[in-house]
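Quick caveat, the model's predicted, so the values are computed rather than measured. Numbering starts at 1 and runs along the sequence shown. All ligand and atom numbering here is 1-based and tracks the order in the structure. The figures here come from the full heavy-atom set of this structure, side chains too, leaving out hydrogens, waters and symmetry mates.
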Amino acid sequence: MTTTVHVDLPGRAYDILIGPGVLSQAGARIAAMGGRRHVCILTDENVAGLHLAALQTGLADAGLTSEALALPPGEATKCWAQLERSVEWLLAEKVERGDIVVAFGGGVIGDLAGFAAAILRRGVRFVQIPTSLLAQVDSSVGGKTGINSPSGKNLIGAFHQPSLVLADTALLGTLPARDFLAGYGEVVKYGLLGDAAFFDWLEAEGPALAAGNMDARVRAVTRSCEMKADIVQRDETEQGDRALLNLGHTFCHALEAATGYSDRLLHGEGVAIGCALAFELSARMGLCSQEDPSRVRAHLRDMGMKVDIRDIPGDLPDAAGLLDLMGQDKKVLEGKLRFILARGIGDAFITSDVPRETVLGVLEDALRSGPPRA
Ligand SMILES: NC(=O)c1ccc[n+]([C@@H]2O[C@H](COP(=O)([O-])OP(=O)(O)OC[C@H]3O[C@@H](n4cnc5c(N)ncnc54)[C@H](O)[C@@H]3O)[C@@H](O)[C@H]2O)c1
Ligand SMILES: O=C(O)C(=O)C[C@@H](O)[C@H](O)[C@H](O)COP(=O)(O)O
Ligand SMILES: [Zn+2]
């Protein structure tokens, strides 16, 4: 039940292996990549406790020694202090230019370790072994690496492609339900941005996928990676089409900043809320039918996910405050916000032609309506 998606970038091509048990291939695959027979692993404390021994045993079976640094779990780890700690540790381990760094964890570890690899000795190779659903469907692929700044999300970083991605879907068995559903937010994003049939399939199979059906999990990870690979091949550094992968993210990143990158809001939860808002905005601008945002919201609700801004516990800035936070979005061009909007499910596009008043209206209504905040 293993699938392979190839990311065909000139001089930087790599495979994504997807399926239960692919972790056991880590030793042989990494040994075949050359370099010293010693591997440095960046991970987090949760993943280390559950799965590090299996990874290190597999590496040892292939004749590779390894050392690991386990960082605190959570979004707050994507910061200067943990980046410095990681880079200094890799230097203390005497990682050479030809060596392989392994990112073993969710998107936080993948983004941080990838950035550390990008800047260490001006760039060393790294392998992504994503362990969360979000990391398997999105963050381990495409080479966006980086950390957050108090000024905004992912504002410090680099494009640095991995040399290999091993997405072992069996590891998702230990992922907490909340983190699984957050990752599902990015899965839904793919259907919404460019594949209506995939969204139809998710409406039917989402519950089985969440309940642990392995075929459904492999299919969802594979389709998501295919779509991401296709877009990244067209536009590696987001000069155009790659921004489609940012559907829902202008809202999401403002909400993550507003909640202090804390567990009040996980990234994938913000993506789901942001996608619902992007469809609402599209409907209000007459770009898609009113049924589309309703259908998006209904599916997120059916899956037991956060759907509305009001599902976020605690206080938030007002609509103008959120709009202000959006001003740090990397898609801003000549001071003007750009949004990913949709003509329908599976038909997203990029535009800067969005009246400020309409965005404010959507945010004001979202902050006002819905269930009371916890
Ligand atoms: N680079 C990109 O293209 C890209 C794309 C999407 C998201 N991201 C980034 O990814 C991050 C979110 O990633 P995430 O949702 O994986 O968060 P995460 O890395 O914080 O992982 C979520 C939680 O699950 C735990 N965990 C991971 N795998 C586990 C497993 N198999 N069993 C048990 N627990 C496990 C982690 O310890 C953590 O507590 C955000 O910082 C976001 O900005 C980056
Ligand atoms: O890979 C991309 O491109 C994406 O936009 C994927 C997003 O899911 C991801 O959250 C990404 O990190 C956001 O990028 P940013 O450039 O808006 O920080
Ligand atoms: Zn994202």
* Lys/Arg N to Asp/Glu carboxylate O, Asp230 vs Arg234, below 4.0 Å -> yes

* Asked: Should the pair Asp365-Arg284 be classified as a salt bridge under the 4.0 Å nitrogen-to-oxygen rule?
  -> yes

* Ile41, Leu71: one ILVMFWY side-chain cluster at the under-4.5 Å cut-off? -> no

* **NZ or CZ of Arg223 within 45° of Tyr190 ring axis and under 6.0 Å** => no

Pairs under 3.5 Å, nitrogen or oxygen of ligand 1 with protein nitrogen or oxygen:
residue: ligand 1; atom: 1 (N); partner: Asp111; partner atom: OD1; Å: 2.9
residue: ligand 1; atom: 1 (N); partner: Lys144; partner atom: O; Å: 2.8
residue: ligand 1; atom: 3 (O); partner: Lys228; partner atom: NZ; Å: 3.1
residue: ligand 1; atom: 13 (O); partner: Gly107; partner atom: N; Å: 3.1
residue: ligand 1; atom: 16 (O); partner: Gly107; partner atom: N; Å: 2.8
residue: ligand 1; atom: 16 (O); partner: Ser132; partner atom: OG; Å: 2.5
residue: ligand 1; atom: 19 (O); partner: Gly107; partner atom: N; Å: 3.1
residue: ligand 1; atom: 19 (O); partner: Val108; partner atom: N; Å: 3.0
residue: ligand 1; atom: 28 (N); partner: Thr131; partner atom: O; Å: 3.3
residue: ligand 1; atom: 28 (N); partner: Thr131; partner atom: OG1; Å: 2.7
residue: ligand 1; atom: 31 (N); partner: Thr131; partner atom: O; Å: 3.0
residue: ligand 1; atom: 31 (N); partner: Leu171; partner atom: O; Å: 2.9
residue: ligand 1; atom: 31 (N); partner: Thr174; partner atom: OG1; Å: 3.4
residue: ligand 1; atom: 32 (N); partner: Thr174; partner atom: O; Å: 3.3
residue: ligand 1; atom: 32 (N); partner: Thr174; partner atom: OG1; Å: 2.7
residue: ligand 1; atom: 37 (O); partner: Asp44; partner atom: OD1; Å: 3.2
residue: ligand 1; atom: 37 (O); partner: Asp44; partner atom: OD2; Å: 2.6
residue: ligand 1; atom: 37 (O); partner: Asn46; partner atom: ND2; Å: 3.0
residue: ligand 1; atom: 39 (O); partner: Asn46; partner atom: ND2; Å: 3.1
residue: ligand 1; atom: 41 (O); partner: Glu75; partner atom: OE1; Å: 2.7
residue: ligand 1; atom: 41 (O); partner: Glu75; partner atom: OE2; Å: 3.0
residue: ligand 1; atom: 41 (O); partner: Lys78; partner atom: NZ; Å: 2.9
residue: ligand 1; atom: 41 (O); partner: Lys153; partner atom: NZ; Å: 3.4
residue: ligand 1; atom: 43 (O); partner: Lys78; partner atom: NZ; Å: 3.1
residue: ligand 1; atom: 43 (O); partner: Lys153; partner atom: NZ; Å: 2.9

* Would Arg178 and Glu269 pass as an ion pair if we require N to O under 4.0 Å? -> yes

* Near ligand 2, which residues have a heavy atom under 4.0 Å away from one of its atoms? -> Asp138, Lys144, Asn154, Glu186, Lys189, Lys228, Glu238, Arg242, Leu245, Asn246, His249, His253, His267, Lys330

Let me have the donor-acceptor pairs involving side chains of residues 90-109, under 3.5 Å, with sequence neighbours excluded, atom names and distances please.
residue: Arg97; atom: NE; partner: Arg121; partner atom: O; Å: 2.8
residue: Arg97; atom: NH2; partner: Arg121; partner atom: O; Å: 3.1
residue: Asp99; atom: OD1; partner: Arg36; partner atom: N; Å: 3.4
residue: Asp99; atom: OD1; partner: Arg36; partner atom: NE; Å: 3.4
residue: Asp99; atom: OD2; partner: Arg36; partner atom: NE; Å: 3.0
residue: Asp99; atom: OD2; partner: Arg36; partner atom: NH2; Å: 2.6
residue: Asp99; atom: OD2; partner: Glu96; partner atom: N; Å: 2.9

* Asked: Just checking, any donor-acceptor pair under 3.5 angstrom between side chains of Glu256 and His267?
  -> yes

* Do you see a donor-acceptor pair shorter than 3.5 Å between the side chains of Thr145 and His160? -> no

* Identify which one of Lys330, Lys331, Lys144 satisfies the salt bridge (Lys or Arg N to Asp or Glu O under 4.0 Å) criterion when paired with Glu238. => Lys144

* Ser163 vs Tyr14 side-chain heavy atoms within contact, under 4.5 Å -> no

* Is Arg368 paired with Glu364 through a side-chain N to carboxylate O contact shorter than 4.0 Å? -> no

* Structure fact -> Any protein N, O or S atom under 2.8 Å from the Zn ion (ligand 3)? Found Glu186 OE2, His249 NE2, His267 NE2

* Under 4.0 Å between a Lys/Arg side-chain N and an Asp/Glu carboxylate O for Arg301 and Asp308? -> yes

* **Note, Ser132 side chain near Asp179 side chain (heavy atom, < 4.5 Å)** => no

